[in-house]
Amino acid sequence: MSNQEINPPQPSAQSPEDPSLVQIEPLSKAAGGIPSIVATAKTVWSEMGVSRGVRTLLKLNQKDGFDCPGCAWPEPDGERSHAEFCENGAKHVADEATTKRLTPEFFREWSVADLSLKSDYWLGKQGRITHPMVLREGASHYEEISWDDAFTLVATELNSLNDPDEAVFYTSGRTSNEAAFLYQLFVRQFGTNNLPDCSNMCHESSGSALGETIGVGKGTVTLEDFNLATAIFVIGQNPGTNHPRMLSALEQAKKNGCVLVHINPLPEVGMTQFKHPQDVLGLLRAGTALADLFLQVRINGDVALLQGISKAVLAMEEKGALPVLDHKFIAGYTDGFDEFTAGLKGAEWDELVEQSGISKEQIEETAGIFMESERTIFCWAMGLTQHKNAVANIQEIVNLMLLRGQIGKPGAGLCPVRGHSNVQGDRTMGIWERPTDAFLDKLGNEFRFSPPRRHGYDTVRAIQAMHAGFAHVFFGMGGNFLSATPDTNYTAESLRQCRLTAQVSTKLNRAHLITGKQALILPCLGRTEIDIQLAGPQFVTTENSMAVVQASRGSLRPASEHLLSESAIVARLATATLAERSDVNWLELIADYDRIRDHIARVVPGFDDYNARVRRPGGFCLPSAPRERIFNTPGGRAMFTVHALPRHDLKPDQFLMMTIRSHDQFNTSIYGLDDRYRGIYNGRRVVFLNEDDMLEAGLQAGQLVDLFSHFEGEQRVARRFTVVPYSIPRRSAATYFPETNVLVPVRSVADKSNTPVSKSVVISIRPSVNVTKDLDSKEGDTPN
Ligand code: SF4
């Protein structure tokens with residue numbers, strides 16, 4: 001087939017899948033255990049082979065090894081076991097270190113349109129990309145390109161823009177500190193702050209909420225605090241699937257006598273029963289029951305619930321029976337207490353109960369646990385951060401914790417649990433569309449240039465800018481931008497409008513198939529691989545969810561001799577694009593990553609003596625002012641805040657839908673079609689519904705339905721989902737990400753953080769009609 005076909009068929013933006021193959025089985029009784037060991041072994045052996053697999057896993061999360069490319073959960077400071085990883089971390093590593101290769105020959109055989117008819121799962125299973133590839137304008141197939149020509153192509157497109165703000169430079173959370181620092185330097189020397197990242201779609205709300213109230217947008221606990229805590233609340237989070245080794249920390253806390261409370265619309269097996277896969281005797285027993293109390297809150301009922309707990313705490317204080325509030329802390333370190341308590345007095349119990357879906361008795365029981373706990377930790381994830389009122393959700397946690405002075409003392413604090421291994425580090429390195437002047441001043445001084453001051457596009461605004469024709473070049477440092485973002489059809493249109501889309505990647509994904517007029521795939525080294533530069537083998541560094549910065553050294557031979565490290569890609573791109581406009585010697589910097597770290601040490605606070613400190617086994621912890629009870633807010637004190645209850649006026653046939661992840665996926669990477677813990681096998685196009693709602697709507701288990709979302713008079717559709725009866729609050733629905741991103745309107749965003757509202761989407765459900773069109777048909781954009 002010719003590479004120069006005129007008008008090749010439009011590739012599909014959605015992963016095709018036959019929903020009739022889905023099997024619904026009983027739920028797992030426990031997380032971890034023997035099934036987890038079997039699943040780990042099966043994946044690792046089949047992708048990597050036995051000996052290579054074992055050798056690699058023994059280096060995973062070790063002090064002399066490499067950092068898991070999966071989630072950002074930290075490793076213990078002291079002794080580490082030989083198997084310091086979970087099933088999902090092992091699957092992630094197997095996915096990256098697979099022996100399968102995706103060569104130019106593959107791209108000669110498969111047109112982009114044909115590839116788009118394959119599922120995301122199939123695309124990911126084809127192996128590591130071995131060569132830089134280009135999709136030329138009008139071509140149907142990718143073809144090989146040299147690195148020099150690839151960099152020249154990007155540089156030519158960038159330099160032909162009328163304004164540097166017409167380019168978008170996205171970052172995914174896998175990128176190392178060194179690559180991220182160089183990347184933001186290049187982008188700012190090019191002249192823009194258009195640096196959207198995956199954080200915009202997940203914990204941006206945590207950053208906004210905590211920045212306003214405690215002066216820094218990060219958590220305040222370390223792993224050691226989990227050993228000291230007397231109560232841990234896990235809210236809007238499913239650690240068993242998304243941060244599995246957190247279960248070991250919770251199990252240990254439980255053994256220490258800590259009380260665990262889980263708050264979530266779905267009961268998750270990871271929080272009910274856990275069998276540590278490394279506890280050989282434990283495998284034969286029933287496992288550890290984790291949560292002492294489970295509150296099945298309604299979707300987006302968290303503000304009501306948290307206000308209810310605070311109200312019950314204040315009521316107990318008023319009774320005077322127990323010393324409940326930490327008055328010394330409130331008087332010494334906070335502002336806004338009177339306004340907060342006045343607001344709570346006006347909150348009606350009936351409304352709090354109705355909105356949260358939790359009875360007053362259960363709210364008071366929860367408040368009792370909170371009041372009796374000397375040292376409390378609150379953990380959360382995207383169940384809180386992806387609502388219109390996401391910032392309010394998190395600030396209500398801060399309110400509650402401030403009441404009892406639970407910030408800035410050992411064993412207590414706030415713990416936003418991050419989803420991607422270096423998402424927090426990338427932000428620390430300056431990957432942010434709204435950099436502070438202080439950061440830009442230091443960057444400008446260090447590299448003798450004037451960084452742009454105008455704020456750039458975050459992820460949602462970048463999509464809108466490309467759609468409106470304000471941005472013409474998209475460069476993605478890792479990730480799968482198309483599938484990770486909301487409003488899949490709209491985002492696809494945005495990418496198609498670009499003159500060039502270029503992605504730094506290890507594996508094939510759908511973002512390589514929905515492209516601008518020209519597209520590039522720039523294959524890079526993975527975390528597992530040796531990175532050799534002029535000065536010899538290099539290591540990179542990352543920052544985990546608890547602000548520990550550590551070294552990561554790959555040990556495998558690279559998947560291909562044609563791969564470059566992410567830092568090398570940035571350096572060569574910067575050289576090609578900026579030429580004499582930059583007096584940075586980019587190639588000298590990447591010859592020895594110590595040189596990059598020396599610059600970081602002078603620009604980024606907390607990184608003094610970086611090269612020496614990061615070489616200590618286990619790395620070092622960044623300073624945290626709130627841990628010392630220093631709150632760098634404008635008033636120098638932690639802030640109580642007041643929030644209205646969110647409202648959802650659902651019509652009789654409408655549901656509130658949230659997107660969730662299966663156990664066989666990590667973000668947009670799909671490792672398998674099962675969700676063992678929830679009893680779903682062989683498919684992902686499912687919708688979990690309450691059985692009473694199904695009865696009322698006349699829906700049967702296993703029936704195929706179409707989902708319609710409703711936002712400001714617009715209707716979007718996702719077709720052919722299998723109905724699954726599940727324990728979920730009335731009028732609620734849950735579906736897998738990214739399959740239902742097509743239903744999340746790009747303009748439906750959280751206040752202040754601009755994070756897409758993926759956890760409260762208003763939908764209606766109708767029996768599936770027999771359609772032959774795409775799953776993501778254009779109907780998705782038609783008005784109601
Ligand atoms: S808990 Fe997270 S960081 Fe740890 S091994 Fe699992 S996926 Fe990797």
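None of these values were measured; they are calculated from a predicted model. Note that ligands are numbered from 1 as they come in the structure, with each ligand's atoms numbered from 1 the same way.
Cys68 SG, 2.3 Å is the protein heavy atom nearest to atom 8 (Fe) of ligand 1. The protein atom (non-hydrogen) at minimum distance from atom 1 (S) of ligand 1 is Arg245 N, 3.3 Å.
A salt bridge links Asp225 with Arg627: at least one charged nitrogen is closer than 4.0 Å to a carboxylate oxygen. Looking at Glu96 and Lys507, no side-chain N of the basic residue comes within less than 4.0 Å of a carboxylate O on the acidic one, giving no salt bridge. Salt bridge present: Lys254 and Asp292 bring a charged side-chain N and a carboxylate O closer than 4.0 Å.
Stacking of Arg597 on the aromatic ring of Phe539 is recorded, both the 6.0 Å distance cut-off and the 45° axial limit being met.
Against a heavy-atom cut-off of under 4.0 Å, Asn61 is close to the following atoms of ligand 1: 4 (Fe), 5 (S).
Atom 8 (Fe) of ligand 1 has no N, O or S atom of Cys71 closer than 2.8 Å.
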| message | Is there a side-chain hydrogen bond (donor to acceptor under 3.5 Å, both in side chains) between Gln538 and Glu178? Walk through the geometry before answering. | response | CA-CA 11 Å; Gln538 304 294 314; Glu178 290 74 10; over 6 Å; no
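The residue among Pro244, Gly89, Cys86, Ala90 with a heavy atom at the shortest distance from atom 6 (Fe) of ligand 1 is Cys86.
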